[in-house]
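To start, the structure under review is shown below, and the notes come after it.
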Amino acid sequence: METVTPRPLPSAAVTSSPPSFAHLLLLTATSVPHLKQLHAHLLRSALDLSLTAPFLSKLLSLSLSSPSSSSSSSSSLDYALSVFLHSPDHLHPHPRLANRVLRAALRAAEPRRALRAYARFRRAGLVPDRFTLPAVLRAAARTGDDAAREAHGLAARLGLDSDPFVQTALVGAHAALGRVADARGVFDRMPQRDLVAWGVMLDGYCQSGRYSEALLLFVEMRSSGIVPDQVILATVLSACGRAKNLMFGKSLHCYILQSDPSIDTHLQSALITVYSNCGSMEIAQKLFDGMCPKNLVASTAMVFGYAKLGQIEIARSIFDQMPNKDLVSWSAMISGYAESDRPSEALKLFNMMQESGLKPDEITMLSVVSACANLGALDQAKWIHIYVNKNGFRTVLSVGNALIDMFSKCGSLAHAQKIFNEMPRRNVITWTSMITGLAMHGDGRSALALFDRMKVEGVEPNSVTFTGLLYACSHAGLVEEGRLVFRSMAQEHNIEPKYEHFGCMVDLLGRARLLEEALQLIESMPLRPNVVVWGSLLGACRVHGEVEIGELAAKRLLELDPRHDGAYVLLSNLYAKAGRWDDVREVRKQMKSRGVLKEKGCSWMELNGKVHEFLMGDVSHPRNDEIYLKLNEVVEELGKMGYSPNVGSALVDLEEEEKRGAVLMHSEKLALSFGLINSARGSVIRIAKNLRVCEDCHSFMKSASKIYEREIVLRDRSRFHRFKDGACSCGEFW
DNA sequence: ATAGGGTTAG
């Protein structure tokens, strides 16, 4: 049971005795090492003063005054705290001393240490005061420790729960631990709320990603007549940018100009962020141009904004012009490349960042891992994994999640599963990533089994989980299971199916040749059918050579997006399959007249840590001659088994013979030839490709795997194909 | 109590 009676304070007794020479000596110390030296000296004369108030006091002021950037300050703090932590139980620390330690630990970004020290203090009989609790709560908020609940109760027992400082800290702690409703409850019961309290509540919404609610709170604040300061405005602007609420941003901009045209740099940067997050780069650029000197934060926001719009070259040039770059600016540029499908550049930049002497944090790592996932290069992935473990990111949940995805996308389910199994904690993203990984590899049964386990463990699936599950059913041809999953979404989990779910269902039904049913689903869905669902239907029609429904799907698709290259390609393949060559030419003509270009096929593979790229018909590789020689050989060998190129996959108006040539030059065939030349017999050949593999390449790979006795793992845009002994793991469901 | 970078799906 908690005691609230203050205990006698022996340390105060020490202070009140006349200072000894030893004490005076201590006070001459000029640095922590110096103090340690004096301390050791006094110990030798049997005077242990380390537990006296003056010593601790001096120790603290020295620790706190050393420059915060140097590593010595953290080790000084370490020393200071260890003295506290090893002091005997009967010390009964004075809250003032405890508060200084807690504040020091917080300032040194050592919340865990603060909590340990606090626990130690409590055991020694500390009775916290109105300054202790906020510090503890802030530490707990940062570590995710549930000391907050305990502190809440303690505050009530000590009668401190009506103190505005304590209340504000409670709001912050609840919010940081994801209990926004509890935070709001405390906030609403506060009899008076200063700007800090409003700020903490606003920040609380932002921390849990509820940006629109933050904006609502700001509106409430304004209507209760409170005038925001620059800190509040900066927070709200940030929320506004993240909520991508351009209108709100503009009105905030007006408000700021009206109320106080002297905008400080924080606000300027925050305004730029609003516009760049909303994709309004013209306005962002104008504000940025008016900024002198350009600050780091604003420049980073510009880099981010352009990168998000795909204008990666402009982003890069701003990045290159920045005189100083910190971790956040590097990360923004790296994630820009990662998100714009330029994984090699992302990894290159990561190396440059390290050369410049910066160590990544976990957020940088997420972009790096995700870039490697997109690249699909297994050796790189293994290297990144080692790097993650070496640099202390192994136990970070989000990084573990990204690793699962990375190994799945690099073709090694085994690695992904190992990481999954060894994760100390798992959240919905962990499970979803693993389910999606299994789906990509065509293992639908395991994906469903994992989903059952997930439910048993009480993790609530979200809409992404269902995308993965439906995708798993679709790629494994599990029609009934897919229907059940689809139905359970709304019925059991309260998740309304979105476009991607309908897309998966259309895919699932379509691949099972239930094309009529797929069409009915599209026509009866509560959302307006979009490019995704018509595209799925068209794809299925191509697989089954179903011209009539396919034409309809293509027509609808092209109404929605006349420049959709995939639609023309699929339609043309479909006509080719049916032998309707006039229609093939017609599609081609239409495409030409509308200036639509087919995305160029590109494959790549890793050799000795280097990624080699092949475009369709590529002749630029330094070992071009060898590659084509090998390709000819493979074609000849396969020909003996009855292979002949399937020209339906060619989308060019060429003569028959030229079509054959074009199909034979598909990028994955070039990559395969390169792989056969350069890798040892019996080793796995891994190829990644930007588009979906064509029918001809698919059968080509199957035969090649048999003749050359090689396992070939091909990642295409939608899934993995593992060719072995003349068969593919996809079982033709693709 | 203040501004900039983040994992699954698309």
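A, B, ... follow the sequence lines: proteins, then strands. Residue 1 opens every chain.
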Q: State, yes or no, whether a side-chain contact exists between V399(A) and R394(A) at a heavy-atom distance under 4.5 Å.
A: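 No - every pair of side-chain heavy atoms lies 4.5 Å or more apart.
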Q.
Short of 4.0 Å, heavy atom to strand atom, which residues of residues 229-244 of chain A count as contacting DNA chain B?
A.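 DNA chain B contact set from residues 229-244 of chain A: D229(A), V231(A), A234(A), T235(A), S238(A), R242(A).
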Q) Which residues in residues 299-307 of chain A have at least one heavy atom lying under 4.0 Å from any atom of DNA chain B? A)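 Heavy-atom contacts with DNA chain B come from T300(A), F304(A).
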Residues that [X] engages under salt bridge (charged side-chain N to carboxylate O under 4.0 Å, His left out), provided they are two or more places apart:
{"X": "K498(A)", "result": "none"}
{"X": "R179(A)", "result": "D146(A), D182(A)"}
{"X": "E313(A)", "result": "R342(A)"}

When all nucleic acid strands are considered with a 4.0 Å heavy-atom cut-off, which category describes [X]: base, sugar-phosphate, or nothing?
{"X": "K325(A)", "answer": "nothing"}
{"X": "S433(A)", "answer": "sugar-phosphate"}
{"X": "D264(A)", "answer": "nothing"}
{"X": "R193(A)", "answer": "nothing"}
{"X": "S329(A)", "answer": "base"}
{"X": "K308(A)", "answer": "sugar-phosphate"}
{"X": "T364(A)", "answer": "base"}
{"X": "L271(A)", "answer": "nothing"}

Q) Tell me the side chain to side chain donor-acceptor pair (under 3.5 Å) pairs involving residues 189-198 of chain A, sequence neighbours left out? A)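 Side chain to side chain donor-acceptor pair (under 3.5 Å) check on residues 189-198 of chain A returns no pairs.
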Q.
According to side chain to side chain donor-acceptor pair (under 3.5 Å), does anything in residues 264-273 of chain A pair up with another residue at least two apart or in another chain? List the pairs.
A.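 Output for this query lists S269(A)-N295(A).
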Q.
Under the rule for ring pair (Phe, Tyr, Trp, His ring centres under 6.0 Å), what residues qualify as partners of W431(A), not counting sequence neighbours?
A.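 If we apply the ring pair (Phe, Tyr, Trp, His ring centres under 6.0 Å) test to W431(A), skipping adjacent residues, the hits are F420(A).
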Q. With sequence neighbours excluded, what pairs up with F451(A) under the ring pair (Phe, Tyr, Trp, His ring centres under 6.0 Å) test?
A.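 Ring pair (Phe, Tyr, Trp, His ring centres under 6.0 Å) check on F451(A) returns F466(A).
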(Q) Enumerate the ring pair (Phe, Tyr, Trp, His ring centres under 6.0 Å) contacts for residues 290-309 of chain A, please, sequence neighbours excluded, ordered by first and then second residue. (A)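 Non-adjacent pairs meeting ring pair (Phe, Tyr, Trp, His ring centres under 6.0 Å): zero.
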(Q) Quick test of your reading: applying ring pair (Phe, Tyr, Trp, His ring centres under 6.0 Å), list the pairs with at least one residue in residues 310-340 of chain A, sequence neighbours left out, ordered by first then second residue. (A)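 The answer is F319(A)-W330(A).
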Q | Segment of DNA chain B, first to last nucleotide, that comes within the 4.0 Å heavy-atom reach of chain A | A |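 First and last nucleotides in contact are dA1(B) to dA9(B).
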Q) Considering the options V231(A), L237(A), I272(A), which one meets the side-chain contact (heavy atoms from CB on, under 4.5 Å) requirement together with L267(A)? A)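 That would be L237(A); it is the only one of V231(A), L237(A), I272(A) passing the side-chain contact (heavy atoms from CB on, under 4.5 Å) with L267(A).
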